[in-house]
Amino acid sequence: MFIGHFGVGFGLKRLAPRASLGLLIAATVWADILWTAFLLLGWEHARVSVGDTRWSPLELYDYPWSHSLLFLMLWGTALALVYRSYRSDWWGAVAVWIGVVSHWVLDWLTHRPDMPLYPNSTKYGVGLWNSIPGTLIVELPLFVGGVWLYARCTRARDRAGRWGFWSYVALLLFVYVSDHFSAPPGNMREVATTGLVATAVMLGWAWWFDRHREAIRPGPAARP
Ligand SMILES: [Zn+2]
């Protein structure tokens with residue numbers, strides 16, 4: 001799953017209007033941030049294998065620390081506690097936890113059975129990536145729904161808030177489609193490095209335009 005994770009990040013703004021969108025998306029892609037870092041460090045492993053599923057050319061055979069359900073719950077709890085320790089925003093902390101753990105559920109839907117519950121456990125996965133329509137039917141509405149929630153519960157304060165947001169959405173859709181039609185990557189080092197750099201840019205960008213927007217529908221945290 002790719003843009004579906006971003007969709008969940010956008011949607012979580014409805015639950016936690018005081019948390020930055022950059023933080024909420026960082027939570028939903030946290031597993032992949034760790035994964036790219038751990039690949040470069042040699043702690044986790046994957047290989048390029050064209051045809052592994054119809055959607056993805058990557059064989060994801062060893063990622064217990066970034067992608068097991070147990071570790072995502074631990075990472076989610078740690079990140080939520082860190083956030084809560086410097087901001088008195090309980091809903092933000094809850095949203096961070098949900099975001100981190102949601103990654104497992106969405107990857108479980110799309111990956112073939114390669115998602116562990118805990119290190120060395122049996123692996124699970126519904127395998128939507130074996131079907132192009134199946135992938136699109138689940139992932140696109142998830143993304144569009146999240147963007148729609150975000151657009152309804154925030155308002156642009158200036159041009160940066162409006163165009164920064166919509167160009168971000170357009171770029172994600174473009175990358176999602178073009179990635180599928182471009183040649184498979186040469187090696188995992190290339191995948192991990194471009195992944196890390198691209199994620200850093202996308203998180204900074206989301207943080208930036210989110211600061212140029214304001215919440216208009218109070219989420220549960222803002223009610224008296
Ligand atoms: Zn993932």
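Each ligand, and each atom within it, is numbered from 1 in the order the structure gives. Positions are given from 1, in the same order as the sequence printed here. Below, each value reflects all heavy atoms present in this structure, side chains not excepted, and no hydrogens, waters or symmetry copies.
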If we ignore angles and hydrogens, is there a donor and acceptor under 3.5 Å between the side chains of Y61 and D114? no
Is there a donor in the side chain of W97 and an acceptor in the side chain of T77, or the other way round, less than 3.5 Å apart? yes
Within 45° cone of W90 ring axis and under 6.0 Å: R84 NZ or CZ: yes
Ring centres under 6.0 angstrom apart ([X], [Y]):
X    : Y    : result
W30  : H103 : no
Y168 : F209 : yes
W104 : H67  : no

Leaving out waters, which are not shown anyway, how many protein N, O or S atoms lie closer than 2.8 Å to the Zn ion (ligand 1)? 4
